[in-house]
2 protein chains.
Amino acid sequence: MSLRMALLGLLEVKGPASGYDLAKSFERSLNHVWQAGHTQIYPELVKMDSDGLIAVQSEGARGRKIYAITQEGMDQLRAWLQDRDPAITIRSEIALQAFLLPLLETRQAIDVLERIRHSFAERLSVLECYPDPETKPNFGRFALKLGLAQTRTGLAWAEECLAELRSRL
Amino acid sequence: MSLRMALLGLLEVKGPASGYDLAKSFERSLNHVWQAGHTQIYPELVKMDSDGLIAVQSEGARGRKIYAITQEGMDQLRAWLQDRDPAITIRSEIALQAFLLPLLETRQAIDVLERIRHSFAERLSVLECYPDPETKPNFGRFALKLGLAQTRTGLAWAEECLAELRSRL
DNA sequence: GCTGCCATGTAAACCGTTACATGATTGG
DNA sequence: CCAATCATGTAACGGTTTACATGGCAGC
């Protein structure tokens, strides 16, 4: 359902697009929020079409189909946004490793945390390349602010834990 | 793989347990880090047994099998912790709704955010019932600190966004 | 003896990833 | 003409959820 809503959102905001366009768009703008590759997107578009949420607006060269959102699609998107109580299913490999950390010797635990710290830092630098939501208010800004805040929190947590572990040596 | 490692971790820390015990344990202690129900746990234990990571230590009433972690299991758990670069696959329904928020009228967006704020608040109150990792250092404390910090960040974010939206009315 | 919780499982459907396959177009 | 990238898809596999099914034990 979420993938479907994400695609409807992109089609509504950015206008008609092909599967390929949507896959690129997904990567660029939604990637810090939801992930999906083209192998998942193409079949989903076919289903959404047959469900009447989107329609083929035109067909270009080499079978390129341009989809547009329908009224039904817009309605369902809004209904989902308004009615759906968001699931908070957490499945974080980082948090799982953090949970299991006490099983290791301090030195090894430090190595693991160092890697975790690095992955937060890397992610943060990716998010910071997006236009700053404070200075450039644009579409995904609420989500981007959340992503930035959560990642900074994760980074600070890793540094704090590292400091504690190092003090034990 | 992660489910497997989570189960190995529980078996190592809490000692031998049945599938049912593990499911309960999962719910109580790992729930803010990784989720799994009994329908996923029972078949996984069978596979782990046949892979030699755990072994049936004893059998109790009504087919209750008590599993214990093997040396091989401990080795694989440590190897995973040390070698596995944690995947950061983000699939957050909350962040997706946040992303799509600008599609709604301000008033409706406020309602949605209010619900999101509530779900962060609820989650925070659950996490705060766990023993405080600062005062009671115990097993899952690193993960719990992360969970608390991330949830507080989410709550603050929701409140900030709400204030901004309300100022637009 | 009935109700509720303990305890274990299976099956189908759904979602997501990885690997494979193919051809068209563009730029050098 | 060759390589890179555009563009679209399928298939197999693995992980997750939901629904179904069953029986034991404890307390009222």
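Since this is a predicted model, take the numbers as computed values, not measurements. Chain letters run A, B, ... following the sequence lines, proteins first, then strands; residues in each count from 1.
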Review point. With respect to the phosphate group of C:dA7, does any side-chain polar atom (N or O) of B:Lys65 fall under 4.0 Å of OP1 or OP2?
Key: no
**Study point:** Point-to-point distance, once rounded to the nearest 0.5 Å, from CD of B:Glu12 to CG of A:Leu103
**Key:** 5.0 Å
**Study point:** Donor-acceptor pair between B:Glu93 and A:Ser2 side chains, under 3.5 angstrom
**Key:** yes
Exercise for review: Report yes or no: does A:Asp21 contribute a side-chain atom to a donor-acceptor pair with the main-chain N or O of A:Ser18 at less than 3.5 Å?
Suggested key: yes
Practice item. Give me the other members of the hydrophobic cluster that B:Ile90 sits in, counting Ile, Leu, Val, Met, Phe, Trp and Tyr linked by side-chain heavy atoms under 4.5 Å, directly or via other members. Key: none
Practice item. Determine whether A:Ile69 and A:Ile66 fall in the same hydrophobic cluster, where Ile, Leu, Val, Met, Phe, Trp and Tyr are linked whenever their side-chain heavy atoms lie under 4.5 Å apart. Key: no
Revision key, fill the gap. With sequence neighbours left out, the residues meeting salt bridge (charged side-chain N to carboxylate O under 4.0 Å, His left out) with A:Glu59 are none
Just the table, please: protein N/O against nucleotides 21-23 of chain C N/O, every pair under 3.5 Å.
none

Practice item. Taking only heavy atoms on the protein side, list every residue of residues 18-33 of chain B lying under 4.0 Å from any atom of DNA chain C, sorted numerically. Key: B:Ser18, B:Gly19, B:Tyr20
Side-chain donor-acceptor distances from residues 154-169 of chain A under 3.5 Å, at least two apart:
{"residue": "A:Trp157", "atom": "NE1", "partner": "B:Phe142", "partner atom": "O", "Å": "3.0"}
{"residue": "A:Glu160", "atom": "OE2", "partner": "B:Lys145", "partner atom": "NZ", "Å": "3.0"}
{"residue": "A:Glu164", "atom": "OE1", "partner": "B:Arg141", "partner atom": "NH2", "Å": "3.3"}
{"residue": "A:Glu164", "atom": "OE2", "partner": "A:Arg168", "partner atom": "NH2", "Å": "3.0"}
{"residue": "A:Glu164", "atom": "OE2", "partner": "B:Arg141", "partner atom": "NH1", "Å": "3.1"}
{"residue": "A:Arg166", "atom": "NH2", "partner": "A:Glu114", "partner atom": "OE1", "Å": "2.6"}
{"residue": "A:Ser167", "atom": "OG", "partner": "A:Glu164", "partner atom": "O", "Å": "2.7"}

Review point. Which ring-ring contact (aromatic ring centres under 6.0 Å, His included) pairs, counting each pair once, include a residue from residues 69-113 of chain B, with sequence neighbours left out?
Key: A:Phe139-B:Phe99
Name every donor-acceptor pair, under 3.5 Å, that has one atom in a side chain of residues 47-57 of chain A and the other anywhere in the protein, sequence neighbours excluded.
{"residue": "A:Ser50", "atom": "OG", "partner": "A:Lys47", "partner atom": "O", "Å": "3.1"}
{"residue": "A:Asp51", "atom": "OD2", "partner": "A:Arg4", "partner atom": "NH1", "Å": "2.9"}
{"residue": "A:Asp51", "atom": "OD2", "partner": "A:Arg4", "partner atom": "NH2", "Å": "3.2"}

Exercise for review: List for me each residue that meets side-chain hydrogen bond (donor to acceptor under 3.5 Å, both in side chains) alongside B:Arg123, sequence neighbours excluded, and say none if there are none.
Suggested key: none
Collect all protein-nucleotide pairs involving nucleotides 16-18 of chain D in which both atoms are nitrogen or oxygen and the distance is under 3.5 Å.
{"residue": "D:dT16", "atom": "OP2", "partner": "B:Gln40", "partner atom": "NE2", "Å": "2.5"}
{"residue": "D:dT16", "atom": "O5'", "partner": "B:Gln40", "partner atom": "NE2", "Å": "3.3"}
{"residue": "D:dT16", "atom": "O3'", "partner": "A:Arg91", "partner atom": "NH1", "Å": "3.3"}
{"residue": "D:dT16", "atom": "O3'", "partner": "A:Arg91", "partner atom": "NH2", "Å": "3.3"}
{"residue": "D:dT17", "atom": "OP1", "partner": "A:Arg91", "partner atom": "NH2", "Å": "3.3"}
{"residue": "D:dT17", "atom": "OP2", "partner": "A:Arg91", "partner atom": "NH2", "Å": "3.1"}
{"residue": "D:dT18", "atom": "O4", "partner": "B:Thr39", "partner atom": "OG1", "Å": "3.1"}

Point to revise | Spacing between B:Glu44 atom CD and C:dT8 atom C1', to the nearest angstrom | key: 16 Å
Review point. Do A:Val112 and B:Val13 sit in the same hydrophobic cluster, where Ile, Leu, Val, Met, Phe, Trp and Tyr count as joined when their side-chain heavy atoms come under 4.5 Å apart?
Key: yes
Practice item. Flag the pair A:Gln97 / A:Arg115 as yes when at least one side-chain heavy-atom distance between them is below 4.5 Å, and no otherwise. Key: yes
Review point. How sharply is the helix from C:dG1-D:dC28 to C:dG28-D:dC1 bent, taking the axes over five pairs at either end and rounding to 10 degrees?
Key: 10°
Point to revise | hydrophobic_cluster_shared for B:Leu10 and B:Met74, side chain cutoff 4.5 Å | key: yes
Point to revise | pair A:Lys14-A:Ser25: side-chain heavy atoms closer than 4.5 Å | key: yes
**Study point:** All pairs passing ring-ring contact (aromatic ring centres under 6.0 Å, His included) where residues 36-73 of chain B contributes a residue, at least two apart
**Key:** B:His38-B:Tyr42
Review point. Among residues 49-57 of chain B, which residues get a heavy atom nearer than 4.0 Å to DNA chain D?
Key: none
Exercise for review: For A:Tyr42 and D:dA7, give me the distance from atom OH to atom P, rounded to whole Å.
Suggested key: 8 Å
